[in-house]
Every structure is written in structure tokens, then in C-alpha cells.
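All remarks here apply to the structure that follows.
Read the numbers this way: they start at 1 and go in the same order the structure lists the ligands and their atoms. Computation of the quantities below employed the complete heavy-atom set of this structure, encompassing side-chain atoms and omitting hydrogens, waters and symmetry-equivalent molecules.
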Amino acid sequence: MRERVQPLTPPIVAPSILSADFSRFAEALALPDPARDWVHCDVMDNHFVPNLTFGPLIVAAARKLTPAFLDVHLMIETPERMVAPFRSAGADQITVHLEACADPAATLAAIRASGARAGLAIKPGTPLDAAEAFLGALDCLLVMTVEPGFGGQAFMADMLGKVSAAKAWREQHGAGFLIEVDGGIADATAKQARAAGAEVFVAGHSIYGAANPITALGYLRASVA
Ligand code: DX5
Ligand code: ZN
């Protein structure tokens, strides 16, 4: 396989394979450009969220099919137990939910110790304040712009206050995390999120649900450029 690549300069679009046709998985993974896009992998356990998706086995399959940066979003309880398996499967970044962590600092430290970049996600009902103690130890803050669990939901514009507050916090404290948004991202909502300070744009339905996913991805890149 080609050497793994890690584009880290925003803006970055991250197609979410949650909305891909898994009977044509290789085609879905051929869509993102490894030189500039990430591949977003939504792991759901039917406990933290009502939906159930996939685990390290599928992430390992994705790893074989693309050298792209694998952005693994864990919507699972006790995520600390799954850091090593997802890292071994090939995750480049592992994002855990603040609401799912008994000890977020220890979990983030374990992710970094594994060699992956460490991400922390907050649900719509969780204020940025709740994550503040951990922002200095983060590579990526994921602000959910829908209730996690399903693709194709409507963007919650009132989450953008958290994005701009995170950006202001980062400037004040000289921190280096990227700000990612996930849920309901399409051309217009991505533009709004970009204006608020978002840098990584996860998009499932608006890319893989489009009549022409390559064209849709191109438009989305252009809308945040
Ligand atoms: C939602 C997931 C998202 C999902 C976004 O729980 O975390 O990554 O794929 O899907 P869209 O872009 O369709 O809202
Ligand atoms: Zn996600």
C-alpha cells in the first residue's frame, strides 16, 4: 500500500463512510483524496447511541484500501478499552466523547501514548465549559452539530457559538487543536461553520448520498476554501 499521509492544514473535508454503500466499500474509499481529505469512521455501540455500526475489523479493511488519514469517531461507552484495538487497526486519530469517559484526561493520554492523535467530542447538550479542562491536551475538538447516532439529520446552527468560543479559547491559551464539526454539513452549513472557526468538516449524506459524490466533494471543498 502507498505510504500513509496526514494532511493537517485546514480546511479539511472528511467524508463519513457511515453514509457509504458498504457493498461497494472500496469505491467509497477511493473517493477522498488522501493528500487533502480525511476519512471519517463512525463507530456506534447501541449503548452510547441507539445505532450500531462497526468496529476495528472494518477500520482495518479501510486501512488496507486507502493511505488516507483515518479519523475514528467513537460513539461508544468505555472508549478507553478500545483505544489499542482501533490504533492497531490503523486509526490516525481517535476521538472519544466527553460524556462517555470516566476519566477523560487518562483516556486522551492513552490515545496519544498509542501514537494516534487525540480527539474529544461534545454532544449538542454539552457546553464547551465542560471540556475546557482538557482542551490543552487535545489534537482535535469535535463539536457535534447533530445529536450523534444517525446520518442525514439537520444541522444545528446554534452549536456554532461553541465553535467560535473554542477558537477564542485556543487563541487565548496558545493551544493547537483543530476544530471539527460533524452532522448536517453541506455547502451552506459548512460555510457557516467555517465562518465561525471550524476547520475540519465531516460530511456523510451530502457526499455519499449525492447523485455524483465526486462533484459533491469538490463543491464542499470549494465552499470552505
Ligand atoms: C452522526 C455521525 C456523523 C454522520 C454525519 O452521529 O457522527 O459523522 O456521519 O452524517 P451527515 O453528514 O449525514 O449528517
Ligand atoms: Zn462522526
Side-chain angles (χ1 to χ4, degrees), residues 11-22 25 28-29 31-32 37-56 58-59 62 68-77 79 82 86 91-100 111 116-126 138-160 162-163 178-194 198-211 213 216-221 223-224:
I12 296 163
V13 173
S16 170
I17 56 170
L18 183 65
S19 293
D21 176 353
F22 275 69
F25 195 45
L29 285 167
L31 181 70
D37 306 320
W38 291 359
V39 171
H40 187 81
C41 304
D42 284 312
V43 176
M44 306 187 189
D45 68 351
N46 178 236
H47 289 275
F48 182 69
V49 291
N51 201 357
L52 178 66
T53 59
F54 53 79
I58 295 292
V59 172
F69 183 95
L70 296 183
D71 176 30
V72 176
H73 177 194
L74 299 184
M75 286 160 275
I76 63 175
E77 300 286 0
M82 294 303 291
F86 279 106
D92 293 295
Q93 176 163 280
I94 298 174
T95 296
V96 293
H97 267 269
L98 177 63
E99 306 86 359
I111 295 170
R117 287 169 56 88
L120 187 66
I122 50 174
K123 297 209 287 184
T126 303
L138 277 192
D139 296 302
C140 191
L141 174 72
L142 174 51
V143 176
M144 291 303 303
T145 45
V146 298
E147 203 56 58
F150 298 92
Q153 303 181 74
F155 178 74
M156 298 167 75
D158 49 341
M159 294 300 118
L160 294 180
K162 286 195 253 185
V163 170
L178 291 170
I179 303 171
E180 182 174 23
V181 284
D182 183 2
I185 296 292
D187 295 356
T189 52
K191 254 194 188 122
Q192 291 173 47
R194 179 79 175 130
E199 297 158 321
V200 183
F201 304 85
V202 177
H205 184 74
S206 70
I207 293 177
Y208 287 111
L217 174 56
Y219 279 134
L220 192 54
R221 287 193 198 114
S223 71
V224 297

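Under a 4.0 Å criterion applied to the non-hydrogen atoms of G151, ligand 1 contributes the atoms 10 (O), 13 (O). Residue-ligand proximity, P148 to ligand 1, at heavy-atom distances under 4.0 Å covers atoms 6 (O). Remark: ligand 1 atoms within the under-4.0 Å shell around heavy atoms of M144 are 7 (O). The F150 neighbourhood of ligand 1 comprises atoms 1 (C), 6 (O), with distances under 4.0 Å to a heavy atom of that residue. Here is the list of ligand 1 atoms found below 4.0 Å of a heavy atom in G183: 14 (O). Residue H205 approaches ligand 1 through these ligand atoms, each under 4.0 Å from one of its heavy atoms: 11 (P), 12 (O), 13 (O). Ligand 1 places these atoms under 4.0 Å from at least one heavy atom of M75: 6 (O), 7 (O). Every atom of ligand 1 is numbered from 1 in the order shown, and the set under 4.0 Å from a heavy atom of H73 is 7 (O).
Protein heavy atom in closest approach to atom 11 (P) of ligand 1: G152 N, 3.6 Å. G149 N, 2.7 Å is the protein heavy atom nearest to atom 6 (O) of ligand 1. The closest protein non-hydrogen atom to atom 4 (C) of ligand 1 is D42 OD2, 3.5 Å. Closest protein heavy atom to atom 3 (C) of ligand 1: D182 OD1, 2.8 Å.
The two residues T145 and G183 make their nearest non-hydrogen contact at OG1-O, 2.7 Å. Closest of all the heavy-atom pairs between L120 and H97 is CD1-C, 4.3 Å. The minimum heavy-atom distance linking G184 with V146 is given by the pair N-CG1, 3.8 Å. The two residues P79 and V96 come nearest to each other via the heavy atoms CB-CG1, 3.5 Å.
Residue contacts with ligand 1 include G184, since one or more of its heavy atoms lies under 4.0 Å from the ligand.
Residue M159 holds its CE atom at 9.5 Å from OG1 of T126, rounded to the nearest 0.5 Å. With rounding to the nearest 0.5 Å, the separation of CD1 in I12 from CZ in F69 is 7.5 Å.
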Next item on the list: May I have the step-by-step check of side chain to side chain contact (heavy atoms under 4.5 Å, CB included) for D182 and H73, ending in yes or no?
Entry: CA-CA 10 Å; D182 183 2; H73 177 194; 3.2 Å; yes
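Other residues, nucleotides and ligands contribute more than 12 heavy atoms inside 6.0 Å of the CZ atom of F150.
Between V202 and V181, every side-chain heavy-atom pair lies at or beyond the 4.5 Å cut-off. Side-chain contact between M44 and F54 is absent, with no heavy-atom pair separated by less than 4.5 Å.
A salt bridge links R221 to D37: at least one charged side-chain nitrogen sits closer than 4.0 Å to a carboxylate oxygen.
Cation-pi geometry between K123 and F48 is met: under 6.0 angstrom from the ring centre, within 45 degrees of the axis.
The proximity of A203 to ligand 1, defined as any non-hydrogen pair under 4.0 Å, is limited to the backbone.
Shown here are the protein N/O/S atoms lying under 2.8 Å from the Zn ion (ligand 2), water excluded: H40 NE2, D42 OD1, H73 ND1, D182 OD2.
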